[in-house]
Structure formats: structure tokens, C-alpha cells
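See structure below.
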Amino acid sequence: MAEPAPQAVLDSLRPRLERLATLDSPALEVEHIAILGRKSGALTALLRSLAVLPPDDRKRIGAAANELRKSFEVAFDARRAELAGPRHGGAGSGLDPTLPGRRRWVGAIHPVTRVVEEICEIFHGLGFNRAVGPEAETEWYNFQALNFPADHPAMDMHDTLYVDVGGDARPGDGKAVLLRTHTSPVQVRTMLAGPPPVRVVIPGLVYRKDTFDPSHAPVFWQIEGLAVDRGISFVDLKGTLLHFARQFFSAATRVRFRPSYFPFTEPSAEMDVSCYLCGGSGCAACKGTGWMEILGCGMVHPDVLRNCGVDPDVFTGFAFGMGPQRIAMQRYGIPDIRLLFDGDMRFLSQLAGAGA
Ligand code: 2U9
């Protein structure tokens with residue numbers, strides 16, 4: 001079938017321009033494809049065929065065709081806006097497009113989550129795998145395996161949240177169930193699960209019978225770490241934690257170790273970092289000392305290794321534990337730990353971009 005003459009095409013299209021205002025949305029889209037469609041649009045085809053027309057026809061038909069294409073595009077947009085109606089800023093919507101848009105609240109990683117991830121990333125970089133475990137533990141995993149003497153104050157009811165699971169288990173018999181008071185049971189499970197070498201970093205929530213106050217919460221985050229292998233010494237512990245401090249705070253950060261005591265490590269220490277707000281010269285944040293206590297650590301007690309099926313005459317290990325919430329409070333200058341629980345956007349939005 002011979003192609004209709006270009007002029008005939010133009011003449012057949014003009015009436016359809018008027019009719020656009022009567023079409024509903026689906027019909028409008030069909031008409032748009034039929035006329036302006038890139039592949040099969042009648043006007044598109046006509047414009048493509050201009051090349052074969054005699055020069056003076058090309059000029060005349062070309063101008064008319066482009067004119068008509070512009071009119072169709074305007075008419076299609078106008079009909080779409082009309083069909084979209086006032087809600088979408090259609091004609092008569094009274095919407096003032098010059099008004100600024102409503103800023104959509106873009107969520108952000110919670111400051112504590114950011115600190116937990118950052119700390120775990122640093123230890124991943126040192127070859128520590130992330131391990132997690134149950135928040136409800138038996139007393140043995142949370143206390144006895146970790147060399148807590150039976151009468152250790154941490155074990156009694158006023159410090160630890162025991163879970164009544166029925167049965168005859170009683171606090172002190174190792175079988176009682178409780179909400180873990182530290183993530184150390186996960187290290188016990190890790191060592192019982194396989195022979196050394198072991199290098200794990202364990203973030204998780206822990207529970208203590210504490211009332212909320214500016215620096216205490218009954219549930220809080222902890223990150224502990226453990227490295228067990230042949231010939232691991234206190235030097236490895238100090239080197240590893242110095243590297244962590246410099247990665248997390250600044251390359252200029254200094255550390256110091258003060259003797260301490262934990263049932264599950266011997267020798268034990270607390271590690272302080274030079275205050276990164278005053279560089280160590282003393283300020284309110286470090287109470288004028290120039291130092292901030294960051295974590296506890298030590299060499300894994302040989303009895304703990306034995307409890308976990310590891311021969312302390314062959315393997316040694318170091319462990320550490322820190323509170324990422326406290327570290328987040330120091331880093332962001334947060335005065336009250338409860339602010340980290342309230343989910344108050346007025347507070348969190350201030351930290352959304354901070355130190356990302
Ligand atoms: C095993 C052996 C040793 C984990 C350790 C600490 C020191 C420590 C505190 C930090 C802040 C608790 O939340 S906190 O108050 N923890 O100071 N934790 S050594 O030692 C272990 C753990 C598991 C098998």
C-alpha cells in the first residue's frame with residue numbers, strides 16, 4: 001500500500017490534536033505512541049521520511065511537521081496535567097510550584113551502631129572474625145566457665161537478671177538461666193566449638209540489674225575480643241589495642257595501661273587513651289586528667305582456658321572488653337546515656353551527619 005503523501009499525513013493528524021482534550025489517560029498514552037512514538041509514531045515517521053522529499057517540499061513539510069510535533073507535545077502535557085488534577089499540581093490546583101519542596105527526613109545510622117561497626121571493622125582488619133551468641137545464657141557460660149567464684153557479687157540476684165524457666169535450676173548451680181551480663185559467654189562457646197587459633201570480636205547487648213541514670217542502663221552494648229594461639233603475650237595485647245586506639249581515635253592517640261582485676265584474666269589492666277578533645281592537656285571531658293578510660297583487658301586466665309577445653313601449657317590468649325555507648329558519649333560529647341535510648345529525632349538528627 002503506497003505511503004500517504006506527507007501533506008495528507010499532516011492533514012489527517014491536525015484533527016487528532018483537538019481531540020486530545022477529550023481522551024482519558026490510557027487513550028492518551030495510546031495516541032501519544034501512535035503519533036509521537038519513537039518507533040511507530042506517524043509524525044515521527046513523517047519527520048524521518050523528510051530526507052527523501054524534494055528540497056522545497058522538505059522545507060515546507062519539515063517546518064509544518066515540526067510545528068505540529070511541538071503543538072502535540074504541549075497538548076499531551078496539558079491533557080496529562082489536567083487528568084492528574086489539582087492533587088498533582090494540575091491546572092487550578094492552586095499549587096505554587098515556586099514554593100520549596102518538603103524536605104523528606106532521610107534516616108541515619110544510630111551513633112551507637114556507627115561506633116560498634118567502626119570498632120568491629122578495625123578488628124576485622126586485624127583478622128578477628130565477628131562472633132555473636134544468645135542473650136539468654138546459663139549461669140555456667142556467663143559465670144562459672146569464666147572463673148567467677150561462687151560467691152562473686154555479680155552472681156547474686158541484685159546484679160543479674162535471672163530468667164525463671166521452671167525446672168529445678170537455682171542461681172549458683174550453673175544451670176540457672178539468666179540474661180548475659182557480658183558477651184564473654186560467646187568467647188567460651190567459640191573456644192568450645194573448635195581448637196585454637198581463635199581471633200574473635202563480639203559485639204552484643206548485655207543486661208545488668210541497673211536503673212537508668214546518666215551513665216547507666218539496664219541493657220547496653222558491649223564489644224569484647226579474644227585471641228588464643230601459641231605464644232601470645234601481653235606485648236601482642238598492647239600492640240593490638242594501641243593499633244585499635246590509633247585507628248579509632250587518631251594517629252596521635254597515646255595509650256596507657258593501669259593494673260586491674262577481672263576473674264577471667266590474669267594479669268588484668270584498664271587501658272586509657274590520651275583525651276582526643278584536649279590532646280591530653282586536661283579538659284572537662286577528661287576531668288582534667290588528659291586521659292579517658294576506654295576498655296579493660298588482660299591475658300586469659302589459665303583456668304578459663306581449661307574450662308573451655310584449651311591447654312594453657314600450649315596456648316595463651318588475651319581478651320578485652322569495652323562499652324561502645326560510653327565511647328560514643330565521649331566521642332559525640334553526649335552527657336546522658338538515656339539520650340541514646342529515647343529515639344528523639346531532635347537529638348539524633350544533630351548526630352546524623354556528625355563524624356560519619
Ligand atoms: C574469655 C576470657 C576473657 C573479656 C574482658 C574486660 C576485660 C572488661 C568491661 C568493659 C566495659 C565490661 O562493659 S564493660 O563495663 N570488660 O573490662 N572484658 S577482659 O575477657 C574475657 C572474656 C572471655 C573467655
Side-chain angles (χ1 to χ4, degrees), residues 112 115-116 119 123 128 131-133 135 137 140-148 152-154 159-160 179-210 213 215-229 232 234 236-238 240-241 244-245 248 255 257-273 292-312 315-330 337 340:
V112 173
V115 165
V116 167
I119 292 171
F123 286 100
F128 285 69
V132 293
E135 294 183 10
E137 276 287 12
W140 186 83
Y141 279 98
N142 195 80
F143 288 126
Q144 281 87 346
L146 290 150
N147 208 27
F148 278 79
H152 191 284
D159 243 359
T160 299
L179 294 184
R180 66 183 183 190
T181 60
H182 47 188
T183 57
S184 311
V186 182
Q187 283 107 306
V188 173
R189 290 176 177 283
T190 305
M191 284 194 277
L192 289 171
V198 168
R199 281 178 179 70
V200 285
V201 62
I202 297 133
L205 285 174
V206 301
Y207 303 80
R208 304 216 176 143
K209 201 175 268 184
D210 249 332
D213 66 24
S215 57
H216 291 83
V219 51
F220 59 98
W221 277 90
Q222 244 192 10
I223 297 180
E224 295 197 0
L226 174 75
V228 178
D229 206 338
I232 286 194
F234 207 91
D236 303 304
L237 179 148
K238 290 177 78 172
T240 302
L241 296 178
F244 154 69
F248 184 80
V255 300
F257 292 83
R258 288 174 291 104
S260 180
Y261 171 80
F262 302 104
F264 32 78
T265 49
E266 187 55 44
S268 304
E270 300 280 350
M271 184 182 92
D272 304 330
V273 293
M292 287 190 164
E293 181 198 318
I294 290 295
L295 58 85
C297 57
M299 298 307 289
V300 181
H301 195 290
D303 293 349
V304 171
L305 291 175
R306 276 192 211 90
N307 291 339
C308 301
V310 175
D311 180 349
F315 298 101
T316 52
F318 69 70
F320 58 86
M322 62 185 92
Q325 248 129 350
R326 216 154 61 78
I327 294 173
M329 290 171 73
Q330 288 165 344
I337 197 170
L340 294 170

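Just so you know, ligand 1 is whichever comes first in the structure, and atom 1 is the first atom listed for that ligand. All values derive from a computational prediction rather than experimental measurement.
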Margin query: Go through it in stages, so that I can follow the logic: the residues are D272 and M292, the test is side chain to side chain contact (heavy atoms under 4.5 Å, CB included), and I'd like the CA-CA distance, side-chain angles, deciding distance and then a yes or no.
Written below: CA-CA 5 Å; D272 304 330; M292 287 190 164; over 6 Å; no
What protein heavy atom is closest to [atom], reported as residue, atom name and distance in Å?
atom: atom 4 (C) of ligand 1; result: E224 OE1, 3.3 Å
atom: atom 9 (C) of ligand 1; result: G321 O, 4.0 Å
atom: atom 14 (S) of ligand 1; result: Q222 NE2, 3.5 Å
atom: atom 17 (O) of ligand 1; result: G296 CA, 3.0 Å
atom: atom 24 (C) of ligand 1; result: M191 CE, 3.5 Å
atom: atom 21 (C) of ligand 1; result: A319 CB, 3.4 Å
atom: atom 5 (C) of ligand 1; result: F264 CE1, 3.5 Å
atom: atom 1 (C) of ligand 1; result: L146 CD2, 3.6 Å

Check ligand 1 against [X] and write out every atom of the ligand that is under 4.0 Å from a heavy-atom position of the residue.
X: F220; result: 13 (O)
X: V304; result: 24 (C)
X: C297; result: 7 (C), 19 (S)

Next item on the list: Mind checking whether V206 contacts ligand 1 via backbone (N, CA, C, O), side chain (CB onward), both or neither, at a 4.0 Å heavy-atom cut-off?
Entry: neither
Note to self: Heavy-atom pairs closer than 4.0 Å: do any link ligand 1 to the side chain of F320, the backbone, both, or neither?
What the structure shows: backbone
How far apart are the closest heavy atoms of [X] and [Y], and which atoms are they?
X: M329; Y: L340; answer: CG-CD1, 3.8 Å
X: P263; Y: H301; answer: O-CD2, 3.9 Å
X: P196; Y: V310; answer: CG-CG1, 4.0 Å

Checklist line | Charged tip of R180 within 45° of Y207 ring normal and under 6.0 Å | finding: no
Check: Has the side chain of Q325 got a donor or acceptor atom that lies under 3.5 Å from a matching backbone atom of W221?
Finding: yes
Notebook entry, point to check: With no hydrogens and no angle check, is any side-chain donor or acceptor of D229 less than 3.5 Å from a backbone partner on T316?
Noted result: no
Next item on the list: Could you grab the distance from atom CG of D210 to atom NE2 of H216, nearest 0.5 Å is fine?
Entry: 5.5 Å
Notebook entry, point to check: Would you call D159 and R208 a salt bridge, using N to O less than 4.0 angstrom?
Noted result: no
Note to self: If the contact criterion is a heavy-atom separation under 4.0 Å, does M322 count as touching ligand 1?
What the structure shows: yes
